[in-house]
Amino acid sequence: MERRPRRPERHRGDWKHGAGLELEGRATIDGEWAGRVTGLGDQHVEIAMMRTPDGHSRLELSHFLAPPVVADHRTAPVNALGYLRVMFAVDDVDETVERLRKRGAQLVGEVVQYKDAYRLCYIRGPEGLLIGLAQEL
């Protein structure tokens, strides 16, 4: 999954304190070889690899410096065609939403309960990234 915050190094703290992710490493990826993977041709990208609190998963945050970004989806609705989003399992949706609000996130709709299984919501982070939160009941 690829997210495109403006500057990964500026927003690592938001991901760490808000979602519990830890920085695993940073790198600059460029050249024609990388462009063959993405289909973008010659590209220049800054990435930050974040590790989930359980240590089992990773999330790559990327900032494309070249080629120029074609579209900005940071204000698109949840169901926008082609819009990428990520959902995290959390222990307490209310506590997580409150913690992320203090860091500039906004609740997109409302926290809802799905049957006796989950409490769910979407938030939009300070950089416009759409994040889903799911608390298993």
request  = Report the distance from atom CG of Asp42 to atom CH2 of Trp33, rounding to the nearest 0.5 Å.
outcome  = 11.5 Å

request  = Give a yes or no on whether the backbone of Leu137 and the side-chain of Gln135 come within a donor-acceptor separation of less than 3.5 Å.
outcome  = no

query = Got a donor-acceptor contact below 3.5 angstrom from the Arg101 side chain to the Ala105 backbone?
reply = no

query = Which salt bridge (charged side-chain N to carboxylate O under 4.0 Å, His left out) pairs, counting each pair once, include a residue from residues 88-97, with sequence neighbours left out?
reply = Asp94-Arg119, Glu95-Arg99

Does any part of the side chain of [Y], heavy atoms only, come nearer than 4.5 Å to the side chain of [X], both counted from C-beta?
{"X": "Tyr122", "Y": "Leu130", "result": "yes"}
{"X": "Cys121", "Y": "Val108", "result": "no"}
{"X": "Leu133", "Y": "Leu100", "result": "yes"}

ask   = Any idea which heavy atoms bring Phe64 and Val69 closest together, and the distance?
value = O-CG2, 4.4 Å

inquiry  = Looking at every non-hydrogen atom in both residues, tell me the closest pair between Glu110 and Leu107 and how far apart they are.
reply    = CA-CD2, 3.8 Å

ask   = How about Gln113: does its CD atom have over 12 heavy atoms from other parts shown lying under 6.0 Å from it?
value = yes

Can you give each donor-acceptor pair under 3.5 Å made by side-chain atoms of residues 50-58, sequence neighbours left out, with the distance rounded to 0.1 Å?
from: Arg51; atom 1: NH1; to: Glu24; atom 2: OE2; distance (Å): 3.1
from: Thr52; atom 1: OG1; to: Asp54; atom 2: OD1; distance (Å): 2.6
from: Thr52; atom 1: OG1; to: Ser57; atom 2: N; distance (Å): 3.1
from: Thr52; atom 1: OG1; to: Ser57; atom 2: O; distance (Å): 3.2
from: Asp54; atom 1: OD1; to: His56; atom 2: N; distance (Å): 2.9
from: Arg58; atom 1: NE; to: Glu24; atom 2: OE1; distance (Å): 3.0
from: Arg58; atom 1: NE; to: Glu24; atom 2: OE2; distance (Å): 3.0
from: Arg58; atom 1: NH2; to: Glu24; atom 2: OE2; distance (Å): 3.2

task = Using the test side chain to side chain donor-acceptor pair (under 3.5 Å), find all partners of Gln43 that sit at least two apart in sequence or belong to another chain.
result = Thr38

key: Partner set under side chain to side chain donor-acceptor pair (under 3.5 Å) for Asp30, not counting sequence neighbours   = His44

key: salt bridge (Lys or Arg N to Asp or Glu O under 4.0 Å) partners of Glu32, counting only residues at least two apart   = Arg36

query = Under the side chain to side chain contact (heavy atoms under 4.5 Å, CB included) test, which residues partner Ala134, sequence neighbours left out?
reply = Met87, Tyr118, Leu120

ask   = Who are the side chain to side chain contact (heavy atoms under 4.5 Å, CB included) partners of Ala27, not counting sequence neighbours?
value = Ile29, Ile47

message = Side-chain heavy atoms nearer than 4.5 Å, only ILVMFWY residues, links allowed to pass through others: does that put Leu21 and Met49 together?
response = no

